[in-house]
Amino acid sequence: MKKSRLFLVPAFAVALSGLASQAPAAQCGNGPGGFEAWKQQFAAEARAKGIGGAGISALEQTHYASATIAADRSLHSFKLSLDQFMIKRGSAAIVSRGRAMKQRNAALFASIEQRYGVPPGPLIAIWGMETAFGSQRGNQNMLSSIATLAYDCRRPEYFTDQLYAALKLIDRGTLSASQRGSMHGEIGQTQFLPKTMLEYGVGNLETASGALSSTANFLKAHGWRAGAGYQPGEPNFAAIQEWNAAGVYEKAIAIMGRQIDGGE
(Lines give C-alpha, C1' and ligand atoms only; values in the text may rest on other atoms or scores of the structure.)
Protein backbone atom coordinates (compact mmCIF):
# COMPACT_ATOMS: atom_id res chain seq x y z
CA MET A 1 0.00 0.00 0.00
CA LYS A 2 2.58 3.49 -0.08
CA LYS A 3 3.14 7.15 -0.37
CA SER A 4 5.70 7.01 -3.10
CA ARG A 5 3.57 4.60 -5.03
CA LEU A 6 5.30 3.10 -8.03
CA PHE A 7 3.89 -0.38 -7.48
CA LEU A 8 0.51 -1.88 -6.67
CA VAL A 9 0.37 -2.57 -2.97
CA PRO A 10 -1.70 -0.91 -0.21
CA ALA A 11 0.01 2.72 1.09
CA PHE A 12 -0.53 1.58 4.59
CA ALA A 13 2.94 0.05 4.47
CA VAL A 14 4.50 3.46 4.12
CA ALA A 15 4.77 4.00 7.84
CA LEU A 16 8.19 2.51 8.25
CA SER A 17 9.79 1.45 11.50
CA GLY A 18 13.22 2.48 12.73
CA LEU A 19 14.66 -0.45 10.80
CA ALA A 20 13.71 1.20 7.51
CA SER A 21 15.46 4.45 8.37
CA GLN A 22 18.82 2.73 8.14
CA ALA A 23 20.21 1.44 4.85
CA PRO A 24 20.69 -2.33 5.05
CA ALA A 25 24.32 -3.41 5.36
CA ALA A 26 23.84 -6.36 2.98
CA GLN A 27 24.85 -5.30 -0.53
CA CYS A 28 21.91 -4.66 -2.86
CA GLY A 29 21.99 -5.76 -6.50
CA ASN A 30 20.26 -5.31 -9.83
CA GLY A 31 20.16 -8.92 -11.01
CA PRO A 32 20.19 -12.48 -9.71
CA GLY A 33 23.97 -12.80 -9.60
CA GLY A 34 24.48 -11.47 -6.08
CA PHE A 35 21.29 -12.77 -4.47
CA GLU A 36 22.74 -15.83 -2.74
CA ALA A 37 25.60 -13.84 -1.21
CA TRP A 38 23.14 -11.14 -0.12
CA LYS A 39 20.99 -13.77 1.60
CA GLN A 40 23.93 -14.94 3.68
CA GLN A 41 24.75 -11.37 4.71
CA PHE A 42 21.14 -10.59 5.49
CA ALA A 43 20.67 -13.81 7.47
CA ALA A 44 23.57 -12.84 9.73
CA GLU A 45 22.02 -9.40 10.29
CA ALA A 46 18.61 -10.95 10.94
CA ARG A 47 20.02 -13.32 13.57
CA ALA A 48 21.66 -10.36 15.29
CA LYS A 49 18.29 -8.59 15.36
CA GLY A 50 16.58 -11.53 17.02
CA ILE A 51 15.02 -13.41 14.11
CA GLY A 52 14.72 -17.05 15.11
CA GLY A 53 15.47 -20.33 13.45
CA ALA A 54 12.18 -20.66 11.57
CA GLY A 55 12.59 -17.25 9.98
CA ILE A 56 16.23 -17.79 9.07
CA SER A 57 15.48 -21.21 7.58
CA ALA A 58 12.67 -19.72 5.50
CA LEU A 59 14.95 -16.93 4.28
CA GLU A 60 17.62 -19.42 3.24
CA GLN A 61 15.06 -21.25 1.07
CA THR A 62 14.06 -18.16 -0.92
CA HIS A 63 14.90 -17.76 -4.60
CA TYR A 64 15.41 -14.71 -6.78
CA ALA A 65 11.93 -13.86 -8.07
CA SER A 66 12.45 -12.71 -11.65
CA ALA A 67 8.69 -12.38 -12.23
CA THR A 68 8.44 -9.94 -9.32
CA ILE A 69 11.21 -7.77 -10.73
CA ALA A 70 9.60 -7.80 -14.18
CA ALA A 71 6.25 -6.75 -12.69
CA ASP A 72 7.91 -4.07 -10.58
CA ARG A 73 9.39 -2.49 -13.69
CA SER A 74 6.22 -2.50 -15.80
CA LEU A 75 3.27 -1.03 -13.88
CA HIS A 76 1.39 1.44 -16.05
CA SER A 77 -2.25 1.48 -14.95
CA PHE A 78 -1.76 4.26 -12.39
CA LYS A 79 -0.82 6.61 -15.24
CA LEU A 80 -4.29 6.31 -16.78
CA SER A 81 -7.06 8.88 -16.38
CA LEU A 82 -9.71 8.09 -13.75
CA ASP A 83 -12.23 7.00 -16.39
CA GLN A 84 -9.65 4.82 -18.15
CA PHE A 85 -8.52 3.30 -14.86
CA MET A 86 -12.06 2.43 -13.79
CA ILE A 87 -12.82 0.80 -17.13
CA LYS A 88 -9.55 -1.15 -17.08
CA ARG A 89 -10.18 -2.36 -13.53
CA GLY A 90 -13.81 -3.32 -14.21
CA SER A 91 -15.50 -0.91 -11.83
CA ALA A 92 -19.02 -1.53 -13.18
CA ALA A 93 -18.68 -5.26 -12.52
CA ILE A 94 -17.21 -4.62 -9.07
CA VAL A 95 -20.16 -2.38 -8.16
CA SER A 96 -22.73 -4.82 -9.50
CA ARG A 97 -21.26 -7.82 -7.75
CA GLY A 98 -20.43 -5.72 -4.70
CA ARG A 99 -24.06 -4.85 -4.13
CA ALA A 100 -24.91 -8.54 -4.15
CA MET A 101 -22.03 -9.29 -1.77
CA LYS A 102 -23.28 -6.58 0.57
CA GLN A 103 -26.71 -8.21 0.77
CA ARG A 104 -25.33 -11.73 1.05
CA ASN A 105 -22.97 -10.78 3.90
CA ALA A 106 -25.18 -8.22 5.63
CA ALA A 107 -24.53 -9.52 9.14
CA LEU A 108 -20.75 -9.47 8.66
CA PHE A 109 -20.73 -5.91 7.34
CA ALA A 110 -23.06 -4.73 10.10
CA SER A 111 -20.71 -6.22 12.70
CA ILE A 112 -17.66 -4.59 11.08
CA GLU A 113 -19.34 -1.19 10.87
CA GLN A 114 -20.45 -1.39 14.49
CA ARG A 115 -16.91 -2.17 15.63
CA TYR A 116 -14.82 0.03 13.32
CA GLY A 117 -17.26 2.63 11.98
CA VAL A 118 -16.48 1.77 8.33
CA PRO A 119 -19.52 1.18 6.06
CA PRO A 120 -19.65 -1.70 3.55
CA GLY A 121 -19.11 0.32 0.34
CA PRO A 122 -15.42 1.23 0.54
CA LEU A 123 -14.49 -2.16 2.05
CA ILE A 124 -16.28 -4.00 -0.74
CA ALA A 125 -14.71 -1.72 -3.35
CA ILE A 126 -11.23 -2.47 -1.97
CA TRP A 127 -12.03 -6.20 -1.80
CA GLY A 128 -13.19 -6.22 -5.41
CA MET A 129 -10.33 -4.06 -6.67
CA GLU A 130 -7.56 -5.97 -4.89
CA THR A 131 -8.51 -9.61 -5.51
CA ALA A 132 -11.86 -9.77 -7.35
CA PHE A 133 -13.50 -10.68 -4.02
CA GLY A 134 -10.82 -13.15 -3.01
CA SER A 135 -10.58 -15.06 -6.29
CA GLN A 136 -7.23 -13.64 -7.47
CA ARG A 137 -4.77 -13.57 -4.60
CA GLY A 138 -1.61 -14.36 -6.52
CA ASN A 139 0.50 -17.48 -6.70
CA GLN A 140 4.04 -16.22 -6.01
CA ASN A 141 6.08 -17.30 -3.03
CA MET A 142 5.53 -14.37 -0.67
CA LEU A 143 8.91 -14.50 1.04
CA SER A 144 10.89 -14.87 -2.18
CA SER A 145 9.10 -11.86 -3.66
CA ILE A 146 9.81 -9.68 -0.64
CA ALA A 147 13.39 -10.90 -0.22
CA THR A 148 14.07 -10.17 -3.89
CA LEU A 149 12.72 -6.62 -3.52
CA ALA A 150 14.73 -6.12 -0.32
CA TYR A 151 17.85 -7.17 -2.26
CA ASP A 152 17.01 -5.10 -5.36
CA CYS A 153 18.67 -1.67 -5.37
CA ARG A 154 15.49 0.17 -6.33
CA ARG A 155 13.83 0.34 -2.87
CA PRO A 156 15.85 -1.83 -0.46
CA GLU A 157 15.04 0.13 2.72
CA TYR A 158 11.28 -0.12 2.19
CA PHE A 159 11.29 -3.84 1.49
CA THR A 160 13.88 -4.60 4.17
CA ASP A 161 11.24 -3.40 6.62
CA GLN A 162 8.69 -5.71 5.00
CA LEU A 163 11.12 -8.62 5.05
CA TYR A 164 11.80 -8.30 8.77
CA ALA A 165 8.04 -8.22 9.40
CA ALA A 166 7.55 -11.35 7.27
CA LEU A 167 10.32 -13.18 9.14
CA LYS A 168 8.76 -12.24 12.48
CA LEU A 169 5.38 -13.57 11.33
CA ILE A 170 7.02 -16.83 10.22
CA ASP A 171 8.82 -17.12 13.58
CA ARG A 172 5.47 -16.71 15.32
CA GLY A 173 3.82 -19.34 13.13
CA THR A 174 1.34 -16.81 11.73
CA LEU A 175 2.74 -17.28 8.21
CA SER A 176 4.56 -20.21 6.65
CA ALA A 177 7.59 -20.20 4.38
CA SER A 178 5.33 -21.48 1.59
CA GLN A 179 2.79 -18.63 1.85
CA ARG A 180 1.57 -17.57 -1.61
CA GLY A 181 0.84 -13.98 -2.55
CA SER A 182 0.94 -11.40 -5.31
CA MET A 183 3.96 -10.06 -7.16
CA HIS A 184 5.17 -7.72 -4.41
CA GLY A 185 4.40 -10.12 -1.57
CA GLU A 186 0.88 -8.89 -0.79
CA ILE A 187 -1.27 -11.57 0.83
CA GLY A 188 -4.88 -12.28 1.63
CA GLN A 189 -8.22 -11.17 0.24
CA THR A 190 -7.42 -7.46 0.49
CA GLN A 191 -3.66 -7.76 -0.11
CA PHE A 192 -1.75 -6.82 3.04
CA LEU A 193 2.01 -6.47 3.08
CA PRO A 194 3.66 -8.18 6.08
CA LYS A 195 4.35 -5.05 8.11
CA THR A 196 0.74 -3.92 7.77
CA MET A 197 -0.43 -7.39 8.68
CA LEU A 198 1.80 -7.29 11.76
CA GLU A 199 0.32 -3.95 12.83
CA TYR A 200 -3.35 -4.15 11.77
CA GLY A 201 -4.21 -7.76 10.97
CA VAL A 202 -7.14 -9.21 12.93
CA GLY A 203 -7.88 -12.81 12.05
CA ASN A 204 -7.04 -14.88 9.00
CA LEU A 205 -6.45 -12.62 5.99
CA GLU A 206 -7.24 -15.49 3.62
CA THR A 207 -10.88 -15.38 4.78
CA ALA A 208 -13.33 -12.64 3.87
CA SER A 209 -14.16 -11.83 7.48
CA GLY A 210 -10.52 -11.60 8.54
CA ALA A 211 -9.44 -9.55 5.55
CA LEU A 212 -12.37 -7.12 5.68
CA SER A 213 -12.08 -6.67 9.45
CA SER A 214 -8.35 -6.03 9.11
CA THR A 215 -8.96 -3.48 6.35
CA ALA A 216 -11.54 -1.70 8.50
CA ASN A 217 -9.10 -1.77 11.43
CA PHE A 218 -6.44 -0.18 9.23
CA LEU A 219 -8.81 2.57 8.07
CA LYS A 220 -9.98 3.30 11.63
CA ALA A 221 -6.36 3.49 12.81
CA HIS A 222 -5.70 6.04 10.06
CA GLY A 223 -8.44 8.40 11.17
CA TRP A 224 -11.71 6.99 9.83
CA ARG A 225 -14.64 8.62 11.65
CA ALA A 226 -17.93 6.75 11.87
CA GLY A 227 -20.69 8.50 9.93
CA ALA A 228 -18.42 10.97 8.11
CA GLY A 229 -18.19 11.08 4.31
CA TYR A 230 -15.42 9.43 2.32
CA GLN A 231 -15.53 11.25 -1.01
CA PRO A 232 -12.68 13.60 -2.02
CA GLY A 233 -12.78 16.62 0.27
CA GLU A 234 -14.68 14.74 3.00
CA PRO A 235 -13.08 13.65 6.30
CA ASN A 236 -12.62 9.94 5.62
CA PHE A 237 -11.07 10.27 2.17
CA ALA A 238 -7.72 10.80 3.93
CA ALA A 239 -7.91 7.25 5.36
CA ILE A 240 -8.44 5.84 1.85
CA GLN A 241 -5.37 7.82 0.76
CA GLU A 242 -3.37 6.03 3.45
CA TRP A 243 -4.48 2.67 2.06
CA ASN A 244 -3.14 3.47 -1.40
CA ALA A 245 -1.30 6.56 -2.60
CA ALA A 246 -2.30 6.35 -6.29
CA GLY A 247 -4.79 9.15 -6.96
CA VAL A 248 -6.84 7.21 -9.51
CA TYR A 249 -7.10 4.25 -7.13
CA GLU A 250 -8.23 6.43 -4.22
CA LYS A 251 -10.95 8.15 -6.26
CA ALA A 252 -12.09 4.88 -7.80
CA ILE A 253 -12.57 3.34 -4.34
CA ALA A 254 -14.54 6.37 -3.18
CA ILE A 255 -16.80 6.35 -6.26
CA MET A 256 -17.42 2.60 -6.24
CA GLY A 257 -17.96 2.60 -2.49
CA ARG A 258 -20.62 5.30 -2.79
CA GLN A 259 -22.36 3.39 -5.57
CA ILE A 260 -22.30 0.14 -3.58
CA ASP A 261 -23.64 1.96 -0.52
CA GLY A 262 -26.57 3.20 -2.58
CA GLY A 263 -25.38 6.55 -3.93
CA GLU A 264 -24.79 7.54 -7.53
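This structure is a prediction, so every number in the text was calculated from the model and none was measured. All values below were derived from every heavy atom in this structure, side-chain atoms included, with hydrogens, water molecules and symmetry-related copies excluded.
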Can you find a heavy atom in the side chain of R154 that is under 4.5 Å from one in the side chain of F159?
no
Quick check: closest heavy atoms across V118 and L219, and the distance to 0.1 Å?
CG1-CD1, 4.0 Å
Between P194 and A166, what is the shortest heavy-atom contact and its length?
CB-N, 3.6 Å
Where do A239 and F218 come nearest, in terms of heavy atoms and distance?
O-CE2, 4.3 Å
Which atom pair, heavy atoms only, marks the closest approach of Q189 to E130?
O-CB, 4.4 Å
Least distance between heavy atoms, M256 atom then A125 atom
CB-CB, 3.9 Å
Can we call the ring centroids of Y200 and H222 under 6.0 Å apart?
yes
Pair E45 + K49: basic N to acidic O under 4.0 Å
no
Do E36 and Y151 have side-chain N/O donor and acceptor atoms under 3.5 Å apart?
no
Does a sphere of radius 6.0 Å around CZ in R115 hold more than 12 heavy atoms from other residues, nucleotides or ligands, not counting ones at 6.0 Å or beyond?
no
Is it true that the side chains of T68 and Q140 contain a donor and an acceptor less than 3.5 Å apart?
no
Would you call D152 and R73 a side-chain contact if the rule is heavy atoms closer than 4.5 Å?
yes
